Chemist: 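Once you've had a glance at the structure underneath, I'll fire off some questions.
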Amino acid sequence: MAKRGVFVVIEGLDRSGKSTQSQRLFEHLQEKTGKARLLKFPDRTTAIGKMIDGYLRSESDLDDRAIHLLFAANRWECAASIERDLLAGTSIVCDRYAFSGIAFSAAKVAVSKSSEGNEVRESILTYEWCKSPDTGLPAPDMVIFLDVTPEVARSRGGYGEERYEKEETQLRVKEQFRKIEQDVVKNFTGIEWWNLDASKSLDEISESIRNLVALPSDGVPANINKMWM
């Protein structure tokens, strides 16, 4: 029987280097094992993904609940193939996953004025509601969060081109990622969570990630955990 593949998710704020490091880890695992797959969410090639792409480029507007459910549906489109590939011994590297979906949606706020004229910010979607659509998805063995300051992210090419790439939004998203980390560490023993300083050089970060990721021969559990608690 084939050994189960390892399932690694690379998370982080925008322009933290997720795509670059996901590609590098995929190539590393492919070289070492010959069986690896790279996923990126949202997958903008599907019918659902094309709707999400238009929203992220600010070409269309959707209700906050509707877009959150579309992001979740986009992940569910791949759920069966993720599980199938893992059981067949293929390792999967995922550039963003359910954790991003929760963090970005839970970070949304509605701005209003109090009777005194002060600005009031209230969450639009609750954390628990944002988690619920991903219940039952295959859970990763490891989440690697690339931590970067808004100043560093802003200095990188392309920053600000998409809807959520605003410093205030990114800071709220980071707060939600910290809440998710605490949730995972406290309640989900099947997922390892690691934070890496993404302001370091690409090679330094790649080396740190390779040192963290266990190959299938290193004892990946045979079973596949499911999201969430």
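All figures in this text were calculated on a predicted structure; none of them were measured in a lab. Sequence positions, counted from 1, serve as the residue numbers for this chain.
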Chemist: Going by the salt bridge (Lys or Arg N to Asp or Glu O under 4.0 Å) test, which pairs reach into residues 188-199, not counting sequence neighbours?
Modeler: none

Chemist: When you measure from the side chain of D141 to the backbone N and O of F7, does any donor-acceptor pair fall under 3.5 Å?
Modeler: yes

Chemist: How about Y127 and D183: does a side-chain donor come under 3.5 Å of a side-chain acceptor?
Modeler: yes

Chemist: Taking the six-membered ring for Trp, are W76 and F71 closer than 6.0 Å centroid to centroid?
Modeler: no

Chemist: With S19, which residues qualify under side-chain hydrogen bond (donor to acceptor under 3.5 Å, both in side chains), at least two apart?
Modeler: D95

Chemist: Could you work out, with side-chain contact (heavy atoms from CB on, under 4.5 Å) as the rule, every residue matching A66, not counting sequence neighbours?
Modeler: D63

Chemist: Using atom types as modelled and distance alone, determine if a side-chain donor or acceptor of Q30 lies under 3.5 Å from a backbone N or O of A36.
Modeler: yes

Chemist: For E168, what residues pass the salt bridge (charged side-chain N to carboxylate O under 4.0 Å, His left out) criterion, not counting sequence neighbours?
Modeler: R121, R172

Chemist: Quick one: does any side-chain atom of S123 pair with a main-chain N or O of T126 as donor and acceptor, under 3.5 Å?
Modeler: no

Chemist: Do the side-chain N and O atoms of S201 and D203 include a donor-acceptor pair separated by under 3.5 angstrom?
Modeler: no

Chemist: For T90, is there any backbone N or O sitting under 3.5 Å from a side-chain donor or acceptor partner on D85?
Modeler: no

Chemist: Is a donor on one side and an acceptor on the other found under 3.5 Å between the side chain of S100 and the backbone of R96?
Modeler: no

Chemist: Under the rule for ring pair (Phe, Tyr, Trp, His ring centres under 6.0 Å), what residues qualify as partners of F177, not counting sequence neighbours?
Modeler: F145

Chemist: Please write out which residues are connected to L69 in a hydrophobic cluster, directly or through intermediates, given that two of Ile, Leu, Val, Met, Phe, Trp, Tyr count as joined at side-chain heavy-atom separations below 4.5 angstrom.
Modeler: I124, L125, W129

Chemist: Just by modelled atom types, is the I102 backbone N or O under 3.5 Å from a matching donor or acceptor in the S105 side chain?
Modeler: no

